[in-house]
*Asks:* 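Just passing along the structure, written as structure tokens.
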There are 2 protein chains.
Amino acid sequence: MSISSRFAVGIHILALIDLNKETASSSEFLAGSVNTNAAVIRKIMGMLKKAGLIEVQPGVAGAKLSRELSEITLFDIYKAVNVVEENELFSIHDKPHPDCVVGKNIQSTIEPIFMAAQSAMEKVFQNLTLEDIVKDIEAKEHIQ
Amino acid sequence: MSISSRFAVGIHILALIDLNKETASSSEFLAGSVNTNAAVIRKIMGMLKKAGLIEVQPGVAGAKLSRELSEITLFDIYKAVNVVEENELFSIHDKPHPDCVVGKNIQSTIEPIFMAAQSAMEKVFQNLTLEDIVKDIEAKEHIQ
DNA sequence: AAACATGTAATCGATATAGTTACAAGATAA
DNA sequence: TTATCTTGTAACTATATCGATTACATGTTT
């Protein structure tokens, strides 16, 4: 099991749109950097657009960020690309036997724990923004 | 995307083995409570056995816990049933373009963040034991 | 020997991912 | 207007994983 790379690609795309803001970032250009097909990029861009993170126009090359780098958290991207549903990171088996002490109670016992685990994971993304990503990339560039 | 219910089933099985310890818990019996096929249960029991959490013998009905309830964390079960690989909860796209500022650096920038998110999630399970689960189930029983 | 249990392999349907091709519809420049 | 480029989508493919199911070899007990 593994969470879709759409999330990583989404971060990649947004960071590149910003760092390349003097030029138009077409889906073809972005696809070259990500190393995938332009249609894949357009699908992800559609999700980012729907979430209000970028502005794109049919027929017009390029996309631009809707907000400041510091106003876009990784959690915003995470939600936008729809890689994990709300409170459904972990799946629980269906219809355990209701006449069994464990079967009867296991779901309500486990659910809040799974929710807490998912929340702990998501909190990490809530506390990071695209600005952190871009600054880290820029810092690495200056070293070399 | 969703993490396999093997984890939830593993917790269910272990809790039930404990609460039913005066009787032998065969795979057939456990399957009835979980509401699945006995072969599915046997496969998961094999994983729990390999991880040293239970003792089972070919041909002999029933399984018993290898350790005290309080000595088995949910993280032990999580690792045993192999639902998420080490540092691979999130996947990162392969071979981003090395001549691009973002493509060159994105992987090393994102990786530690993804690892931190996964760790935060797993820490929740490290801090809970089967004893917590069993006590919660018993508490629910006493209310009704 | 008969009955019952575990261990495990093979198969199936369902679902998700990532890639690919194709094309309609919008925008722009000559 | 026409040609060209771009986005937005749909359709199809290969691949992978999950959970269920069947089947059977192997071990245990009476």
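Since this is a predicted model, take the numbers as computed values, not measurements. The sequence lines fix the lettering, A, B, ..., with proteins before strands; numbering per chain opens at 1.
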*Asks:* Look only at the side chain of B:Gln118 and the backbone of B:Glu88, and say whether a donor-acceptor pair between them is shorter than 3.5 Å.
*Replies:* yes
*Asks:* Strictly below 4.0 Å: does A:Ser4 bring a side-chain N or O up to OP1 or OP2 of C:dA18?
*Replies:*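 Indeed, a polar side-chain atom of A:Ser4 lies that close.
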*Asks:* Heavy atom of residues 80-95 of chain A under 4.0 Å from DNA chain D: which residues?
*Replies:*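 Contacting residues: none.
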*Asks:* If each of A:Pro58 and B:Ala61 is mapped to the nucleotide of DNA chain C with the nearest heavy atom, which maps nearer the 5' terminus, i.e. the 5' end?
*Replies:*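 That would be B:Ala61.
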*Asks:* Ignoring hydrogens and angles, tell me if any N or O in the side chain of A:Arg67 forms a donor-acceptor pair with the backbone of A:Leu53 under 3.5 Å.
*Replies:*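 A pair under 3.5 Å: no.
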*Asks:* Would you kindly give the NZ-to-C1' distance between B:Lys50 and C:dG7, to the nearest whole Å?
*Replies:* 13 Å
*Asks:* Note down the inter-axis angle between the two ends of the helix from C:dA1-D:dT30 to C:dA30-D:dT1, five pairs each, to the nearest 10°.
*Replies:* 0°
*Asks:* Is it true that B:Glu122 and B:Gln126 share a donor-acceptor pair across their side chains at a distance under 3.5 Å?
*Replies:* no
*Asks:* If I take atom CE from residue A:Met121 and atom OH from residue A:Tyr78, how far apart are they, to the nearest 0.5 angstrom?
*Replies:*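 With rounding to 0.5 Å, CE (A:Met121) is 3.5 Å from OH (A:Tyr78).
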*Asks:* Would you mind checking if A:Lys135 and A:Asp132 are paired as a salt bridge, meaning a charged N to carboxylate O distance below 4.0 Å?
*Replies:*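 Salt bridge between A:Asp132 and A:Lys135, a charged N being under 4.0 Å from a carboxylate O: no.
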*Asks:* Determine, using ring centers only, whether B:Phe7 and B:Phe75 are less than 6.0 Å apart.
*Replies:* no
*Asks:* Quick one: A:His12 NE2 to C:dA18 P, roughly how many Å, whole number?
*Replies:* 15 Å
*Asks:* Honestly curious: do A:Ile92 and B:Val34 fall in one hydrophobic cluster under the side-chain, below-4.5 Å linking rule?
*Replies:*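 Yes, A:Ile92 and B:Val34 fall within the same hydrophobic cluster.
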*Asks:* Has the side chain of A:Asn35 got a donor or acceptor atom that lies under 3.5 Å from a matching backbone atom of B:Lys95?
*Replies:* yes
*Asks:* From CD of A:Glu28 over to C1' of D:dC5, roughly how many Å is that when rounded to an integer?
*Replies:*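 Result: 11 Å.
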*Asks:* What residues from residues 35-49 of chain B pass a heavy-atom cutoff of under 4.0 Å to DNA chain D?
*Replies:* B:Thr36, B:Asn37, B:Ala39, B:Val40, B:Arg42
*Asks:* To the nearest Å, give me how far apart CD1 (B:Ile54) and P (C:dT6) are.
*Replies:*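 Rounding to the nearest Å, CD1 of B:Ile54 and P of C:dT6 are 10 Å apart.
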*Asks:* Starting at atom CG of A:Leu30, determine the distance to atom P of D:dT7, rounded to an integer number of angstrom.
*Replies:*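 My rounded result for the distance is 8 Å.
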*Asks:* Could you tell me whether A:Ser2 contacts a base, only the sugar-phosphate backbone, or nothing, with contacts defined as non-hydrogen atoms closer than 4.0 Å?
*Replies:* nothing
*Asks:* Ignoring hydrogens and geometry, is there a side-chain-to-backbone donor-acceptor pair from B:Ser25 to B:Leu30 under 3.5 Å?
*Replies:*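 No, the answer is negative, given that no donor and acceptor are paired below the 3.5 Å cut-off.
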*Asks:* Are the side chain of B:Ser5 and the backbone of B:Ala8 linked by a donor-acceptor contact shorter than 3.5 Å?
*Replies:*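 No, B:Ser5 side chain to B:Ala8 backbone: no donor-acceptor pair under 3.5 Å.
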*Asks:* Over how many whole Å does the gap from B:Ile3 atom CD1 to D:dA16 atom C1' extend?
*Replies:*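 Taking atom C1' of D:dA16 as the reference, CD1 of B:Ile3 is at 17 Å.
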*Asks:* With a 4.0 Å limit, can you tell me whether B:Ser5 has a side-chain N or O closer than that to the phosphate oxygens OP1/OP2 of D:dG19?
*Replies:*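 The answer is yes; a side-chain N or O of B:Ser5 sits under 4.0 Å from OP1 or OP2.
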*Asks:* Between A:Gln57 and C:dG26, does any side-chain N or O lie under 4.0 Å from OP1 or OP2?
*Replies:*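 So the side-chain polar atoms of A:Gln57 never come under 4.0 Å of the phosphate oxygens OP1 or OP2 of C:dG26.
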*Asks:* Indicate yes or no for a side-chain donor-acceptor contact from A:Ser108 to the backbone of A:Asn105 under 3.5 Å, with no hydrogens or angles considered.
*Replies:*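 Pair found, side chain donor or acceptor close to backbone of A:Asn105.
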*Asks:* Would you indicate, yes or no, if D:dT6 has its OP1 or OP2 atom less than 4.0 angstrom from a side-chain nitrogen or oxygen of A:Ser27?
*Replies:* no
*Asks:* To the nearest 0.5 Å, what is the distance between NE2 (A:His12) and CD1 (A:Ile17)?
*Replies:*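 Result: 10.0 Å between the selected atoms.
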